[in-house]
Amino acid sequence: MKGQQRVQGVGMARLSRGFAGLGGLRLGCLGLLCLGLGGCMAEMPAPMGGLDRQLEQAGTSRAPSLSGRWLALIAARGGRDQVLLVDVERGLPVPLPRLNRADAQPLSVAVNRDGSRLAVVQQLDGHTELVLYRRDLMVVEPIAMQPAGVPRRVSLRGDGHELAVEVSRGGLWQIDLIDIP
(Lines give C-alpha, C1' and ligand atoms only; values in the text may rest on other atoms or scores of the structure.)
Protein backbone atom coordinates (compact mmCIF):
# COMPACT_ATOMS: atom_id res chain seq x y z
CA MET A 1 0.00 0.00 0.00
CA LYS A 2 2.85 2.31 0.92
CA GLY A 3 4.55 1.77 -2.47
CA GLN A 4 1.35 2.54 -4.25
CA GLN A 5 0.94 5.89 -2.50
CA ARG A 6 4.47 6.87 -3.34
CA VAL A 7 3.96 6.22 -7.06
CA GLN A 8 0.77 8.27 -7.05
CA GLY A 9 2.53 11.11 -5.25
CA VAL A 10 5.37 11.18 -7.80
CA GLY A 11 2.83 11.18 -10.62
CA MET A 12 0.94 14.10 -9.13
CA ALA A 13 4.14 16.08 -8.58
CA ARG A 14 5.18 15.60 -12.21
CA LEU A 15 1.72 16.52 -13.37
CA SER A 16 1.74 19.72 -11.27
CA ARG A 17 5.15 20.78 -12.61
CA GLY A 18 3.96 20.08 -16.18
CA PHE A 19 0.90 22.30 -15.79
CA ALA A 20 2.91 25.05 -14.11
CA GLY A 21 5.23 25.14 -17.11
CA LEU A 22 2.27 25.24 -19.48
CA GLY A 23 0.48 28.07 -17.69
CA GLY A 24 1.65 30.71 -20.17
CA LEU A 25 0.90 28.45 -23.10
CA ARG A 26 -2.61 27.79 -21.84
CA LEU A 27 -3.29 31.51 -21.43
CA GLY A 28 -1.93 32.18 -24.90
CA CYS A 29 -4.15 29.49 -26.42
CA LEU A 30 -7.16 30.85 -24.54
CA GLY A 31 -6.41 34.34 -25.86
CA LEU A 32 -6.15 33.07 -29.45
CA LEU A 33 -9.39 31.17 -29.03
CA CYS A 34 -11.18 34.31 -27.84
CA LEU A 35 -9.75 36.35 -30.73
CA GLY A 36 -10.80 33.65 -33.17
CA LEU A 37 -14.33 33.60 -31.82
CA GLY A 38 -14.47 37.37 -31.85
CA GLY A 39 -13.37 37.40 -35.48
CA CYS A 40 -16.05 34.88 -36.37
CA MET A 41 -18.70 36.88 -34.58
CA ALA A 42 -17.79 40.02 -36.52
CA GLU A 43 -18.39 38.14 -39.81
CA MET A 44 -21.97 37.05 -39.10
CA PRO A 45 -24.32 36.82 -42.12
CA ALA A 46 -26.65 39.77 -42.45
CA PRO A 47 -29.73 40.41 -44.61
CA MET A 48 -29.34 42.62 -47.66
CA GLY A 49 -31.73 45.31 -46.39
CA GLY A 50 -32.50 47.21 -49.60
CA LEU A 51 -33.03 44.17 -51.79
CA ASP A 52 -34.96 42.37 -49.05
CA ARG A 53 -37.37 45.31 -48.80
CA GLN A 54 -37.85 45.38 -52.58
CA LEU A 55 -38.66 41.68 -52.63
CA GLU A 56 -41.02 42.13 -49.71
CA GLN A 57 -42.87 44.89 -51.58
CA ALA A 58 -43.16 42.67 -54.66
CA GLY A 59 -45.45 40.39 -52.63
CA THR A 60 -45.30 36.84 -51.38
CA SER A 61 -42.36 34.94 -52.83
CA ARG A 62 -40.95 31.42 -52.64
CA ALA A 63 -38.62 28.86 -54.25
CA PRO A 64 -35.48 31.05 -54.49
CA SER A 65 -32.54 30.05 -56.64
CA LEU A 66 -29.33 32.08 -56.32
CA SER A 67 -26.44 31.67 -58.75
CA GLY A 68 -23.73 34.24 -59.37
CA ARG A 69 -25.35 37.67 -59.38
CA TRP A 70 -28.80 36.29 -60.29
CA LEU A 71 -31.75 35.49 -58.04
CA ALA A 72 -34.69 33.64 -59.55
CA LEU A 73 -37.87 33.19 -57.52
CA ILE A 74 -41.61 32.73 -57.77
CA ALA A 75 -43.61 35.75 -56.63
CA ALA A 76 -47.33 36.47 -56.40
CA ARG A 77 -47.92 39.44 -58.69
CA GLY A 78 -51.18 40.65 -60.16
CA GLY A 79 -53.13 37.87 -58.50
CA ARG A 80 -51.03 35.03 -59.88
CA ASP A 81 -47.61 33.46 -59.42
CA GLN A 82 -44.84 34.49 -61.80
CA VAL A 83 -41.14 33.78 -62.21
CA LEU A 84 -38.96 36.78 -61.39
CA LEU A 85 -35.28 37.23 -62.16
CA VAL A 86 -33.38 39.83 -60.16
CA ASP A 87 -29.89 41.18 -60.81
CA VAL A 88 -28.67 41.19 -57.20
CA GLU A 89 -25.72 43.50 -57.87
CA ARG A 90 -27.96 46.21 -59.32
CA GLY A 91 -31.01 45.32 -57.25
CA LEU A 92 -33.23 45.36 -60.35
CA PRO A 93 -35.66 42.87 -61.86
CA VAL A 94 -34.93 41.66 -65.39
CA PRO A 95 -37.70 41.24 -68.00
CA LEU A 96 -38.56 37.67 -69.00
CA PRO A 97 -40.62 38.01 -72.18
CA ARG A 98 -42.71 34.94 -73.12
CA LEU A 99 -41.92 33.06 -69.91
CA ASN A 100 -44.81 34.00 -67.60
CA ARG A 101 -47.92 32.82 -69.40
CA ALA A 102 -51.28 33.71 -67.87
CA ASP A 103 -52.38 30.05 -68.01
CA ALA A 104 -49.20 28.63 -66.39
CA GLN A 105 -48.54 28.18 -62.67
CA PRO A 106 -44.79 28.02 -61.80
CA LEU A 107 -43.85 25.55 -59.05
CA SER A 108 -40.04 25.57 -59.03
CA VAL A 109 -37.33 27.66 -60.69
CA ALA A 110 -33.55 27.54 -61.05
CA VAL A 111 -31.09 29.93 -62.70
CA ASN A 112 -27.59 29.38 -64.04
CA ARG A 113 -24.53 31.44 -63.07
CA ASP A 114 -24.74 34.04 -65.86
CA GLY A 115 -28.54 34.36 -65.79
CA SER A 116 -28.92 33.26 -69.41
CA ARG A 117 -30.98 30.13 -68.63
CA LEU A 118 -33.83 29.41 -66.28
CA ALA A 119 -35.33 25.97 -65.68
CA VAL A 120 -38.96 26.03 -64.54
CA VAL A 121 -41.40 23.36 -63.37
CA GLN A 122 -44.89 24.63 -64.13
CA GLN A 123 -48.48 23.45 -64.32
CA LEU A 124 -50.12 24.10 -67.65
CA ASP A 125 -53.46 22.79 -68.94
CA GLY A 126 -53.81 20.32 -66.06
CA HIS A 127 -50.36 18.72 -66.32
CA THR A 128 -46.96 19.47 -64.85
CA GLU A 129 -44.04 20.11 -67.19
CA LEU A 130 -40.39 21.07 -67.16
CA VAL A 131 -39.25 23.91 -69.43
CA LEU A 132 -36.00 25.69 -70.19
CA TYR A 133 -36.10 29.44 -70.81
CA ARG A 134 -33.24 30.93 -72.83
CA ARG A 135 -33.11 34.67 -72.13
CA ASP A 136 -30.98 35.59 -75.14
CA LEU A 137 -33.51 34.00 -77.54
CA MET A 138 -36.61 34.69 -75.38
CA VAL A 139 -37.84 31.13 -75.99
CA VAL A 140 -39.42 28.52 -73.75
CA GLU A 141 -38.43 24.94 -74.63
CA PRO A 142 -40.30 21.98 -73.11
CA ILE A 143 -38.07 19.19 -71.76
CA ALA A 144 -39.56 15.71 -71.98
CA MET A 145 -39.24 13.35 -69.03
CA GLN A 146 -37.84 9.97 -70.17
CA PRO A 147 -39.36 7.76 -68.91
CA ALA A 148 -42.52 9.79 -68.36
CA GLY A 149 -43.01 11.29 -64.92
CA VAL A 150 -44.24 14.33 -63.05
CA PRO A 151 -41.50 16.88 -62.22
CA ARG A 152 -41.67 18.72 -58.90
CA ARG A 153 -38.38 20.57 -58.25
CA VAL A 154 -35.50 21.55 -60.46
CA SER A 155 -31.88 22.62 -60.00
CA LEU A 156 -29.63 23.96 -62.75
CA ARG A 157 -25.85 23.55 -62.86
CA GLY A 158 -23.90 26.83 -62.83
CA ASP A 159 -22.87 26.60 -66.48
CA GLY A 160 -26.50 25.90 -67.50
CA HIS A 161 -25.76 22.60 -69.25
CA GLU A 162 -27.25 20.10 -66.79
CA LEU A 163 -30.47 19.85 -64.78
CA ALA A 164 -31.29 17.83 -61.70
CA VAL A 165 -35.03 17.22 -61.52
CA GLU A 166 -37.10 15.59 -58.80
CA VAL A 167 -39.63 13.40 -60.63
CA SER A 168 -42.53 11.23 -59.48
CA ARG A 169 -42.96 7.92 -61.27
CA GLY A 170 -45.48 5.35 -60.09
CA GLY A 171 -45.68 6.92 -56.64
CA LEU A 172 -41.89 6.97 -56.13
CA TRP A 173 -39.72 10.09 -56.13
CA GLN A 174 -36.58 9.91 -58.23
CA ILE A 175 -33.86 12.32 -59.36
CA ASP A 176 -33.11 12.68 -63.07
CA LEU A 177 -29.99 14.35 -64.44
CA ILE A 178 -30.58 15.88 -67.87
CA ASP A 179 -27.90 17.20 -70.23
CA ILE A 180 -28.78 20.51 -71.90
CA PRO A 181 -26.92 21.42 -75.10
Side-chain angles (χ1 to χ4, degrees), residues 40 43-181:
C40 291
E43 300 289 328
M44 294 297 292
M48 297 175 69
L51 185 55
D52 284 353
R53 282 188 288 283
Q54 282 181 324
L55 294 172
E56 199 174 291
Q57 290 172 353
T60 303
S61 57
R62 60 186 171 81
S65 172
L66 182 65
S67 186
R69 66 188 267 186
W70 303 99
L71 171 65
L73 58 115
I74 298 171
R77 300 180 86 185
R80 64 186 189 89
D81 286 346
Q82 296 181 0
V83 173
L84 293 181
L85 182 63
V86 178
D87 181 336
V88 175
E89 288 180 8
R90 294 188 305 156
L92 298 172
V94 175
L96 301 171
R98 299 187 185 146
L99 177 60
N100 289 305
R101 294 177 44 168
D103 58 346
Q105 169 76 31
L107 304 174
S108 175
V109 63
V111 62
N112 71 329
R113 181 177 34 254
D114 66 8
S116 63
R117 296 177 174 199
L118 284 89
V120 181
V121 174
Q122 63 184 13
Q123 287 183 333
L124 180 66
D125 297 329
H127 70 280
T128 305
E129 65 179 7
L130 173 64
V131 299
L132 181 70
Y133 179 73
R134 298 178 192 258
R135 276 186 49 220
D136 56 345
L137 303 173
M138 294 181 279
V139 297
V140 178
E141 302 169 354
I143 299 173
M145 299 276 87
Q146 295 298 330
V150 179
R152 177 168 67 170
R153 277 191 289 238
V154 65
S155 179
L156 184 58
R157 194 169 69 184
D159 66 8
H161 292 286
E162 190 171 32
L163 296 171
V165 187
E166 186 176 2
V167 182
S168 175
R169 291 188 179 97
L172 298 173
W173 289 104
Q174 301 172 339
I175 303 296
D176 284 1
L177 295 177
I178 302 170
D179 285 320
I180 305 293

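A quick note: this is a predicted structure, and the numbers were derived from the prediction, not measured.
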### Query
Is P151 close to V121 at the side-chain level, that is, under 4.5 Å between some pair of heavy atoms?
yes

### Message
Can you tell me how far apart CD (Q105) and CG (D81) are? Round to the nearest 0.5 Å.
### Response
4.5 Å

### Query
In chain order, what residues pass the salt bridge (charged side-chain N to carboxylate O under 4.0 Å, His left out) check against D159, with sequence neighbours excluded?
R157

### Task
Identify the heavy atoms of L73 and P64 that sit nearest to each other, and give their distance.
CB-CA, 4.2 Å

Kindly list each side-chain donor-acceptor pair under 3.5 angstrom involving residues 172-181, sequence neighbours excluded, with atom names and distances?
residue	atom	partner	partner atom	Å
Q174	OE1	R169	NH1	2.8
D176	OD1	R169	NH1	3.1
D176	OD2	R169	NH1	3.4
D176	OD2	R169	NH2	2.4

### Side chain to side chain, R152 and L107, heavy atoms closer than 4.5 Å
no

### With R69 via salt bridge (charged side-chain N to carboxylate O under 4.0 Å, His left out) - residues at least two apart
D87, E89

### Query
Say you draw a straight line from CZ of R77 to CG of N100; how long is it, rounded to the nearest 0.5 Å?
9.0 Å

### Query
Going through the distances and angles, do Y133 and M138 end up as a side chain to side chain contact (heavy atoms under 4.5 Å, CB included)?
CA-CA 7 Å; Y133 179 73; M138 294 181 279; 4.0 Å; yes

### Task
Give, for atom CZ of R134 and atom CG of N112, the distance between the pair rounded to the nearest 0.5 Å.
10.0 Å

### Query
Are side-chain heavy atoms of P106 and V120 found at a separation under 4.5 Å?
yes

### Minimal non-hydrogen separation, V109 against A63, with atom names
CG1-O, 3.5 Å

### Nearest non-hydrogen partners of T128 and Q123, listed with the distance
OG1-CG, 3.6 Å

#### Entry: Taking every non-hydrogen atom, the tightest pair across V131 and P142
CG1-CA, 4.0 Å

### Task
Find out whether R135 and L85 are in side-chain contact, i.e. whether some heavy atom of one side chain is under 4.5 Å from a heavy atom of the other.
yes

#### Entry: Pairwise side-chain contact, R101 with V140, heavy-atom cut-off 4.5 Å (strictly under)
no

### Task
Write down the atom of A110, the atom of S65, and the distance for their closest heavy-atom approach.
CA-OG, 3.3 Å

### Query
Which heavy-atom pair separates I143 from L163 by the least distance, and what is that distance?
CD1-CD1, 3.5 Å

### Task
Under the side chain to side chain contact (heavy atoms under 4.5 Å, CB included) rule, what do L124 and D103 come out as? Steps first, then yes or no, please.
CA-CA 6 Å; L124 180 66; D103 58 346; 3.5 Å; yes

